[in-house]
Enquirer: 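Sharing a structure, written as structure tokens. Questions coming.
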Amino acid sequence: MSDTICAISTPFGVGGLAVIRVSGEDAVSLVSKFLYPAGTVRGTRYEVRGAVVSAPLNDRWLSEVEATSHPATPHLKFCEFRDGETLIDEVVVTYFKAPKSYTGEDVVEIACHGSSYVQQKILQLLVANGCRLANAGEFTQRAFLNEKMDLSQAEAVADLIHAQSEGSHRLAIEQLRGGFSKKIIQLRRELIDFSALLELELDFSEEDVEFANREKLLDLLHRIKTEIQTLSDSFKIGNALKNGIPVAIIGKPNVGKSTLLNVLLNEEKAIVSDIPGTTRDTIEDTLNIQGTLFRFIDTAGLRESSDTIETIGIERTRKTIEKAQIVIIVDEVRGTGYGVRSVDYGNLHDKQVIHVINKIDTATDFTNSNDEILISAKNGIGIEKLIEKLVDFASEQKVSDRTLVSNLRHYEALNHALTFITNSENALKSGISTDLVAIDIRGALHHLGEITGEISTEEVLGSVFSRFCIGK
């Protein structure tokens, strides 16, 4: 990665401004050959204080930067970007001197007008003169390789870019600031200290010496196992805050589930019909409510059916219920009562259950218990109260300030590490030989190191940075 790369870092298309990022050893010299002091348009000539501009800044700008810019201070310059005598645009150029830059290399950012032509022309000139187009996530990958951030922090950059709610933003910021990394690094450091003593015992195995206190090691393993288990368990909440809290809308056919989905989303997402069994598959969409992303899932009505396709839809409904964190059970008013509680919804003990009685606009005389929300999805009655209930649940999820895991790769690495820690703990209790205990601890260290990138492979790095947009 010794070459100089460039890419458009703002979204493609026409806009007020665009930013083109250049990073690498030759960033300044490559860019400055196209930069001219900003002049004033007078007819067809460009003049600066009466003198016709004929030479680019080239090394003059670099010398000026070296002479006046503190390494930690970005250097800005307003100038013209020209291809010979042809003016491309007036730009603001910012120089970040290595290592005080995002990538740890010399970085130049060109802020130009948002014309697609201007962006592509500048990029073409840079590439024609020695730059290489950056791959997806390559700027952040260089930041990782130059130790500006660890791997979990690099992944947080992608999460921050794609954050769609207050919850996902908060998780990304916490991870980007290194809160999760510090916890993993601390756990790994404590394991390494004891692992070194075990390895030392293996070197003196013939002398039957014991450097690592077994009781202290068991206490350490138990504490680390508890902390890893807590982190692993937090994935359910963290993943929901990141990708949307899954909300399953369930009930018998024709009670108004699809109408309720459409009202919540404020669009005709699901087909509504008086014919029972219209919804035969799960239909879902997300909605940001007061800073929290909810993923609403309309499901097929639960009933006995001989229709093959409807039966498949009902089976998918049951799987959706298992994965949901919130379940909205929809019933309908029937004269002076209601009656679908006899339906087998499966195990809902670990779910937040909201009972909704729909079609109250058709009731003449109806009483309900306090745990039920009366609505008319068709007329929009009671929807605000349902939304308040959803927000209350989301607030409960946010109460804790503990570290939450939201990344699937981290979750899997934690579970692998947990297995090795449990094995080493059991081995110690059973009096199994030190070398086998050491192997299990090495396994745990390996998987914890994968999270922060202290241990990484090309395959892992390729998978992580391929999710990034080009220009970041």
Side-chain angles (χ1 to χ4, degrees), residues 1-12 15 17-36 56-81 88-114 118-151 153-158 160-161 176-178 453 461 464-465 468-472:
M1 290 190 142
S2 59
D3 53 351
T4 300
I5 58 174
C6 61
I8 299 171
S9 291
T10 43
F12 287 99
L17 293 173
V19 174
I20 296 169
R21 176 180 284 172
V22 185
S23 179
E25 185 178 348
D26 300 323
V28 174
S29 59
L30 282 170
V31 174
S32 62
K33 66 175 62 176
F34 301 102
L35 302 180
Y36 291 72
L57 293 177
N58 280 347
D59 294 338
R60 286 183 293 153
W61 185 50
L62 182 58
S63 300
E64 179 184 341
V65 168
E66 294 289 352
T68 62
S69 177
H70 187 276
T73 306
H75 187 85
L76 282 79
K77 198 167 191 70
F78 173 62
C79 48
E80 297 173 356
F81 195 100
I88 305 301
D89 197 8
E90 291 183 329
V91 299
V92 174
V93 182
T94 308
Y95 170 48
F96 302 87
K97 182 176 175 57
K100 301 293 184 178
S101 71
Y102 180 74
T103 63
E105 305 170 330
D106 279 353
V107 172
V108 176
E109 291 185 351
I110 306 166
C112 61
H113 289 95
V118 168
Q119 297 177 57
Q120 292 301 323
K121 186 63 178 178
I122 292 175
L123 209 57
Q124 289 168 11
L125 289 170
L126 292 173
V127 171
N129 283 270
C131 269
R132 172 174 64 79
L133 288 176
N135 297 317
E138 191 167 358
F139 291 99
T140 304
Q141 186 171 5
R142 290 191 176 200
F144 164 69
L145 294 174
N146 290 326
E147 299 182 352
K148 301 294 291 184
M149 61 181 70
D150 64 38
L151 193 56
Q153 289 174 303
E155 289 170 296
V157 172
L160 186 58
I161 291 171
L176 183 60
R177 295 176 66 181
L461 294 182
V464 167
F465 292 105
F468 283 68
C469 55
I470 292 175
K472 194 60 178 178

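Just so it is clear, the model here is predicted, and its values are computed rather than measured.
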Enquirer: Does CD in Gln124 sit with more than 12 non-hydrogen atoms of other residues, nucleotides or ligands closer than 6.0 Å?
Expert: yes
Enquirer: Taking only Lys NZ, Arg NE, NH1 and NH2, and the carboxylate oxygens of Asp or Glu, determine whether Asp3 and Arg142 approach each other closer than 4.0 Å.
Expert: yes
Enquirer: Could you tell me if the side chain of Leu123 sits less than 4.5 Å from the side chain of Cys6, heavy atoms only?
Expert: yes
Enquirer: If we ignore hydrogens and angles and just use 3.5 Å, is the side chain of Asp150 paired with the main-chain N or O of Gln153 as donor and acceptor?
Expert: yes
Enquirer: Can you check whether Phe139 reaches Ile470 side chain to side chain, under 4.5 Å on heavy atoms?
Expert: no
Enquirer: How long is the gap from CG on Leu145 to OG1 on Thr140, to the nearest 0.5 Å?
Expert: 11.0 Å
Enquirer: For the residue pair Ser23 and Glu105, confirm or rule out a side-chain donor-acceptor distance under 3.5 Å.
Expert: yes
Enquirer: Does any part of the side chain of Thr103, heavy atoms only, come nearer than 4.5 Å to the side chain of Phe96, both counted from C-beta?
Expert: no
Enquirer: Keeping Asp106 on the side-chain end and Ala27 on the backbone end, is there a donor-acceptor pair under 3.5 Å?
Expert: no
Enquirer: Atom CD1 in Ile161, atom CZ in Phe468: separation rounded to 0.5 Å?
Expert: 6.5 Å
Enquirer: When you compare the side chain of Val22 with that of Cys131, does any pair of heavy atoms fall below 4.5 Å?
Expert: yes
Enquirer: How long is the straight-line distance from CD1 of Ile110 back to CD of Gln119, given to the nearest 0.5 Å?
Expert: 11.5 Å
Enquirer: Could you check if a side-chain atom of Val93 sits within less than 4.5 angstrom of a side-chain atom of Phe78, using non-hydrogen atoms only?
Expert: no
Enquirer: Any heavy-atom pair between the side chains of Ile20 and Val108 that's under 4.5 Å?
Expert: no
Enquirer: Hey, are the side chains of Leu76 and Tyr95 touching, using non-hydrogen atoms and a 4.5 Å cut-off?
Expert: no
Enquirer: Answer whether the closest heavy-atom distance between the side chains of Asp89 and Glu80 falls below 4.5 Å.
Expert: no
Enquirer: Working to the nearest 0.5 Å, report the span between CD1 of Ile5 and CD of Glu138.
Expert: 4.0 Å
Enquirer: Does NZ or CZ of Arg21 come closer than 6.0 Å to the centre of the six-membered ring of Tyr102, within 45° of the ring's axis?
Expert: yes
Enquirer: Measure across Tyr36 and Cys79 and return the closest heavy-atom pair with its distance rounded to 0.1 Å.
Expert: O-CB, 3.0 Å
Enquirer: Which heavy atom of Thr4 sits nearest to which heavy atom of Glu25, and what is that distance?
Expert: OG1-N, 3.7 Å
Enquirer: About how many Å separate CZ of Phe81 and SG of Cys112, when rounded to the nearest 0.5 Å?
Expert: 9.0 Å
Enquirer: Could you tell me the separation between the CG atom of Leu126 and the NZ atom of Lys121, rounded to the nearest 0.5 Å?
Expert: 11.5 Å
Enquirer: Side chain of Thr10, backbone of Ala18: donor and acceptor closer than 3.5 Å?
Expert: no
Enquirer: For the side chain of Ser101 and the backbone of Lys97, is there at least one donor-acceptor N/O pair under 3.5 Å apart?
Expert: no
Enquirer: For Gly104 and Ala98, which heavy atoms make the closest approach, and how far apart are they?
Expert: O-CB, 3.4 Å
